[in-house]
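Here is the structure we will look at.
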Amino acid sequence: MKKKSSSKKIATLGILSAQALVLSVLESFIPALPYLPPGTKPGLSNIVTMFAAAEIGLPSALTITFIKSLFALITRGFTAFCMSLAGGVLSTLIMWALFRIKSRPFGLAGIGMLSAIGHNLGQVLMASVITSTTSIISVLPFLAIFSIITGFLTGTILKILLPVLNKIKNI
Amino acid sequence: MNKLFKKGDFILTVLVLIICVALIFLPKLSSKKLIATIYVDGTVVETIKLDEVEKPYTFSPHYNVEVEVQKGKIRFSKSDCPDKLCVKSGWLETSGATTACLPQEVVISVTGEKSDFDIMTY
Amino acid sequence: MKYHEKCYKIYKVSFLNNKKTKTKKFLSVFAVILATAIVVSLIFADYISSKNYSEKTSFAMATISTYKVWGDDSEEIINQIINTVNDVEKNSLSKYSETSEIYKLNSESSAQMSDLSISWLKSVIDVAQKSDGAFDPTIGALTDAWGIGSDSPRVPDNAEIKKLLSSVDYSKINIKENTVSIGKSQSLDLGAVGKGIACDIAKSTIEKSEIKKAIVAFGGSILLYGDTFDVGIRNPLGDADDVLGVLNLSEGFVSTSGNYERTSVIDGKTYHHILDPKTGCPSDSDLLSVTVYCDNGLLSDALSTACFVLGKDKGLGLLDKYNASGVFIDTNKNIFVSNELQDKFELKDTSFKVVE
């Protein structure tokens, strides 16, 4: 792999983060779905994070995650910041770990699904901490079923967009 | 770079589905009596037997938050939080339904009480 | 190559080229579809099974009525029961509705009554006879004079009680075919067994339908239909949802009379609403409550009232005559359970004692 200058690295991360944010904003227009907590989204911005976790590295992926959370802090407040960070960090860690397994038992769809479930788990755990109750955990099964679909979606779109993202990476 | 689908995905999907469906339906098997528990900052402040509610009413378990109770259901009716996600959750009327107003740290959780009896005589 | 053409090429390459990938892809997609189908059908099944059961709480026969009905059309049956009971209340049993048979009987001392009403009347007179007057449907005027449980309860003086007692006499009820006549000063009240009658009506409505299993309750009078159920007995010294014990009962009727149902405090003393037809005052048989189980709604209601007035020993004797059974709870927190119910009764509140 070519050693990139740090300014190029920053530029790369910048573009990727911007893409993640745009996807987040677009997603925010989706209305609340039945049976699911309001604010549940397909997690399209994870396409970017997943790419970073797979092709660039953990620090970069976590940076993108953190920038997403900062955006949430600015636009939606401190609670949203905590929720986004908790879900994002757990999700990113899971993605990165799965990509590191040499035998690669799961394809992109599976990794997408597991990272989506991880995201939900992180958020639910954070919500438990904020409200100091455990009853909120009961929404997890519903979220997990939804994650199957969104993970599949994320993985598929990533596969399709790979050449584009690779181009950005190879600036 | 990576394949989209592998054998592991298939097994994983089925596994996750089975576990989730089980987790959802297991609590529903018990009897229908619904109890709403309201927590503020981790402490139970109210327990309401939803089936026994006659007239609808509202109350405020915590400043800036209003809860509305009707027969068999409960919801956040007003909140001063910025995104009002709690209010948008709507009515909670089934066992396992839970919603929260995170900034205010108020949680409403509905559970089905397993009764000792089917009906009471008095 | 244009951007979208590039994308499509990659899509083609990854999805459509390799036969092995194709099979795996097909399998995975199939798995997801299958799993989704399973989930959807489970949710659908849950929805369907909940369609086969209806629960409703309403107001009928001057009390809260609860319906738990299993089967298709359960909702319709519940509405049918409510309508029929309301009709009967208005046209037969009501003391105030001018279209009511009882109203006509009380205002003119004589009236034509339907076959159904006559059968109810005969049952009630039978209980009056067998209980030696402990239950008397002609006690209405006296009950009204006390007004226990109403807005204006009072303690009538001895002279008034004596005067009203003279018209309390079930033997003066005369039934000739469909004409019923009572004494000029008498007042007949079938409302005392109204809840039991409502349960009987519920049963006959359900029998004409396809419903196989149901629980219908009017106040504390309950119809158990089609299955064995657990019936909680209210702790007479506790709150409305305090369970003293549970009876496991098969099809039948349950009614309870208690000193907590309707009370008034007059000059610091608490009076309950079940009058003793012999004394004209609230009965004082040392019982807190009696629960009766038998095969008829009206009877369960009448018997529970009669037993409450009679006390444990005479009450058990009365129940025998009807092949009924009961649970008697006295003021010392002792519980007496009929032989037939002993292995069906489970005590929940150990501050009470089951006595042999």
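In terms of heavy-atom pairs under 4.5 angstrom with chain B, the leader among C/Gly258, C/Ala217, C/Gly219 is C/Gly219.
Neither the backbone nor the side chain of C/Ser289 comes within contact range of chain B; no heavy atom of the residue lies under 4.5 Å from a heavy atom of that chain. Interface residue C/Ile233: backbone and side-chain heavy atoms are both found under 4.5 Å from chain B. Only the backbone of C/Ser255 comes within contact range of chain B, judged by heavy atoms closer than 4.5 Å.
With sequence neighbours excluded, the residues that form a side-chain contact (heavy atoms from CB on, under 4.5 Å) with C/Asp230 are B/Phe117, B/Asp118, C/Val246, C/Asn248. For the side-chain contact (heavy atoms from CB on, under 4.5 Å) test, residues two or more places apart in sequence or in another chain that qualify with C/His272 are C/Asn259, C/Thr263, C/Ile274, C/Pro282, C/Ser283, C/Phe308.
Under the 4.0 Å criterion applied to side-chain N and carboxylate O atoms, C/Asp301 and C/Lys195 are not assigned as salt-bridge partners.
Put simply, the residue from B/Val65, B/Ile48, B/Val69 that forms a side-chain contact (heavy atoms from CB on, under 4.5 Å) with B/Ile38 is B/Ile48.
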